[in-house]
Amino acid sequence: MQSFEIDKSDVLKVKNAILAGDEILKEVLDDYHASEIAILFERLDKSEQQHIINLLPAEIASEIISEMDEESHPENLLFQLHPDKRTEVIEELDYDDATDIISQLEDHEQNEILEDLQDEHASEIRNLLTYDEKTAGGLMNTELICVNINLTKKDAIDEIIRQSEEMEEFYTIYVVDDEEIFRGIVSLKDIIKAKHNAKITELVKIDAVYVHPDTDQEEVANLISQYNLTSIPVIDSHQKLLGRVTFDDVIDVMEAESTEDILKISGVSEDEELSGNWVEAVKSRLPWLVINLGTAFLASSVVRYFDPTIQLIPSLAAYMTIIAGMGGNAATQALAVTVRRISLYDLTDKQAYRTVLKEFTVGLINGAVNGLIVFVFAVFFDGNPMLGVVIFLAMTGNLLIAGITGAGIPLILKRVGIDPAIASSIIITTFTDVFGFMLILGLASKLLL
């Protein structure tokens, strides 16, 4: 089965079905999965979205809303539904999904929604709303399967059956003692395979990995990935079990974190929505471009200083762009790898040193190879071996600097408490431009004049 992509024919089919009547619309929607309808919602206006959500059963409508992209603002669609329909939809959602959506609304809108819910649902969601959305507490679902460590196999299975009636799916069974203290995990497979008279205390894995509610979401994702978990328990400071974070939530986290890193490295604020309008884009990007303009003036001042050299050797102007451009590309490569390494691991001093040393080596080799290519080009087309030597040295030197700065600057920024993804790109671009121009023009002044 291939992943679903928006197609004009699908959008047109749904729009025509809305005009044709509810019975036709139901038939058309039956051909799509809830997640596919959520994607189609990106091309439908708000009134069409509401029409579909009101038409479909709450179970399917809740799945559509939970699958909608954050930038499509499912919270607004949910809030604008009739209160009765809205309540039905929310009560079909998992607590964590409901909390994620409701948290995007204004306080008075949140209260209006929660007042219509059953006390149990409202209480769980209010509790989850107290956690930062980028922590384990903000990701966790309080619905889980939990058994007492002293139960027998038969009693444990009966308890699992009872608790699972209200759950769509579960991956792990959590174990607590009489004081509700978290004691470990046990798999359903181990329970089923155990002897008839076995007790949970004999099957429990006490060395289970867990997180606290204030654990950063990226750390949660790293732990689930590192230990190949389907879910991870969340416990408080008293070792009481609060909830669980499942791998599907982590997939969303990893996508969000990757998007955030890409935007930061590109000098784009994480606050800019990918589907936002041009006003938001300008507000987000203009400050970084102004800063970059200031650093560009610094590079241009180097060129101005060596203006007599350029007038005497005009061909240098063409090679300058090559040296600076190659340096910028090489630095961006080193930066991307280093920022990703920083986001995945807490690098020690020794690991940081090895990272810089690796990029130093890569920059030296890549610089020499590319420098040799441009050397041959200069000799062949310009007939000037010394010009080729200058360009070779400048290329090698600038890619060497690119490797060092691309790896070293984000590590330094991280050490002093500055997000390396935000400021690194502007700094390294300045380094490669300034040093690239200085190398080629300075060496040309010394060796060719």
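Since the structure is predicted, the reported quantities are computational estimates derived from the model, not experimental observations. The first residue in the sequence is number 1, and the count goes up from there.
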F182 and Y210 aromatic ring geometry - parallel, tilted or perpendicular at 30°/60° bounds:
perpendicular
Close side-chain approach of R244 to T172, heavy-atom, < 4.5 Å:
no
Is there a donor-acceptor contact under 3.5 Å linking the side chains of Q104 and E133?
yes
Output for pair (F41 CZ, E67 CD), nearest 0.5 Å, gives 12.5 Å
For R183, is the CZ atom crowded, meaning more than 12 foreign heavy atoms sit under 6.0 Å from it?
no
Where I113 and L105 come nearest, the two heavy atoms and their spacing
CD1-CD1, 3.4 Å
Do side-chain atoms of T332 reach the backbone of G328 as a donor and acceptor pair under 3.5 angstrom?
yes
Does the K414 side chain pair with the main chain of I342, one donor and one acceptor, at a distance under 3.5 Å?
no
Does atom CG of D119 have more than 12 heavy-atom neighbours from other groups under 6.0 Å away?
no
When rounded to the nearest 0.5 angstrom, what distance separates CD1 in I37 from CD1 in I60?
7.0 Å
CD1/I64 to CE/M68 distance, rounded to the nearest 0.5 angstrom?
9.0 Å
Enter the distance from L411:CG to E359:CD here, rounded to the nearest 0.5 Å.
10.0 Å
Test side-chain hydrogen bond (donor to acceptor under 3.5 Å, both in side chains) on Q110 and E106 and set out the steps.
CA-CA 6 Å; Q110 293 180 18; E106 299 293 334; over 6 Å; no
Closer than 3.5 angstrom, by distance alone: can the side chain of S123 be matched with the main-chain N or O of E120 as a donor-acceptor pair?
no
Under a 3.5 Å distance rule, please check whether H212 uses its side chain to pair with a backbone N or O of D214 as donor and acceptor.
no
Quick one: are I235 and K240 in side-chain contact, heavy atoms under 4.5 Å?
no
Say whether E75 and H73, considering side chains only, have a donor N or O and an acceptor N or O under 3.5 Å apart.
yes
Identify the two heavy atoms, one from D116 and one from P83, that lie closest to each other, and give their separation to 0.1 Å.
OD2-CB, 3.9 Å
Between R354 and D349, does any NZ, NE, NH1 or NH2 come within less than 4.0 Å of an OD or OE carboxylate oxygen?
no
Compute whether any side-chain donor of one residue and acceptor of the other, for S103 and Y131, lie under 3.5 angstrom apart.
no
Go through the steps to decide whether M326 and I322 satisfy the test side-chain contact (heavy atoms from CB on, under 4.5 Å), and finish with yes or no.
CA-CA 6 Å; M326 290 294 293; I322 297 175; 4.2 Å; yes
Kindly determine whether L439 and I323 satisfy side-chain contact (heavy atoms from CB on, under 4.5 Å), including the steps that lead there.
CA-CA 9 Å; L439 283 170; I323 301 298; 5.9 Å; no
S225 side-chain N/O to A221 backbone N/O, donor-acceptor pair under 3.5 Å:
no
Rounding to 0.5 Å, atoms NZ (K358) and OG1 (T361) come to a distance of 10.0 Å
Test log, rule side-chain contact (heavy atoms from CB on, under 4.5 Å), inputs I52 and V14:
CA-CA 10 Å; I52 291 174; V14 172; 4.0 Å; yes
So, do F170 and Q163 sit near enough that their side-chain heavy atoms are less than 4.5 Å apart?
no
Please step through salt bridge (charged side-chain N to carboxylate O under 4.0 Å, His left out) for the pair K134 and D216, ending with a clear verdict.
CA-CA 6 Å; K134 292 190 175 183; D216 185 84; over 6 Å; no
Strictly distance-based, threshold 3.5 Å: is any side-chain N or O of Q49 a donor or acceptor partner for the main-chain N or O of L44?
yes
Check F79 against R86 and note the closest heavy-atom contact, atom names and distance.
O-NH1, 2.8 Å
Could you check K154 against D158 for salt bridge (charged side-chain N to carboxylate O under 4.0 Å, His left out), going step by step and ending with a plain yes or no?
CA-CA 6 Å; K154 179 182 181 305; D158 289 342; 3.1 Å; yes
Side-chain heavy atoms of T135 within contact of Q217, under 4.5 Å:
no
CZ/R126: more than 12 non-hydrogen atoms of other groups inside 6.0 Å:
yes
Determine the minimum heavy-atom distance between L81 and K85, stating which atoms define it.
CD1-CG, 4.3 Å
Heavy-atom closest pair (P233 atom, L241 atom, distance to 0.1 Å) is CB-CD1, 3.8 Å
Taking atom CD1 of I206 as the centre, does the number of heavy atoms from other residues, nucleotides or ligands within less than 6.0 Å exceed 12?
no
Can you list the steps and then say if Y32 with D10 is a side-chain hydrogen bond (donor to acceptor under 3.5 Å, both in side chains)?
CA-CA 10 Å; Y32 296 95; D10 291 303; 2.6 Å; yes
Suppose we screen for ring pair (Phe, Tyr, Trp, His ring centres under 6.0 Å). Which residues come up paired with F247, at least two apart in sequence or across chains?
Y171
When you compare the side chain of I185 with that of I173, does any pair of heavy atoms fall below 4.5 Å?
no
Any side-chain heavy atom of N150 within less than 4.5 Å of one from I200?
no
With a 4.5 Å limit on heavy-atom distance, are the side chains of L117 and L114 in contact?
yes
Tell me whether K46 at atom NZ has more than 12 heavy atoms from other residues, nucleotides or ligands lying less than 6.0 Å away.
yes
Side chains of T152 and D155, donor plus acceptor under 3.5 Å
yes
So does L93 get a backbone contact from the side chain of D97, meaning a donor-acceptor N/O pair under 3.5 Å?
no
According to the side chain to side chain donor-acceptor pair (under 3.5 Å) rule, which pairs have a member within residues 194-208, sequence neighbours left out?
none
Please report the interatomic distance OG1(T215) to CG(L139), rounded to the nearest 0.5 Å.
10.5 Å
Test item: L242 and M140 side chains (from C-beta on) under 4.5 Å apart, heavy atoms:
yes
Take the angle between the ring planes of F431 and F435 and call it parallel below 30°, perpendicular above 60°, tilted in between.
parallel
Side chains of S187 and D190: donor-acceptor distance under 3.5 Å anywhere?
yes
For a quick check under 3.5 Å, do D178 and N148 share a side-chain donor-acceptor pair by atom type?
yes
Over all atoms of both residues, closest heavy-atom pair of G436 and N398:
N-OD1, 3.4 Å
Applying side-chain contact (heavy atoms from CB on, under 4.5 Å) to L40 and E36, what does each step give before you reach the verdict?
CA-CA 6 Å; L40 285 169; E36 296 172 346; 5.5 Å; no
Can a donor-acceptor pair be found between the side chains of E124 and T142 at a distance below 3.5 Å?
yes
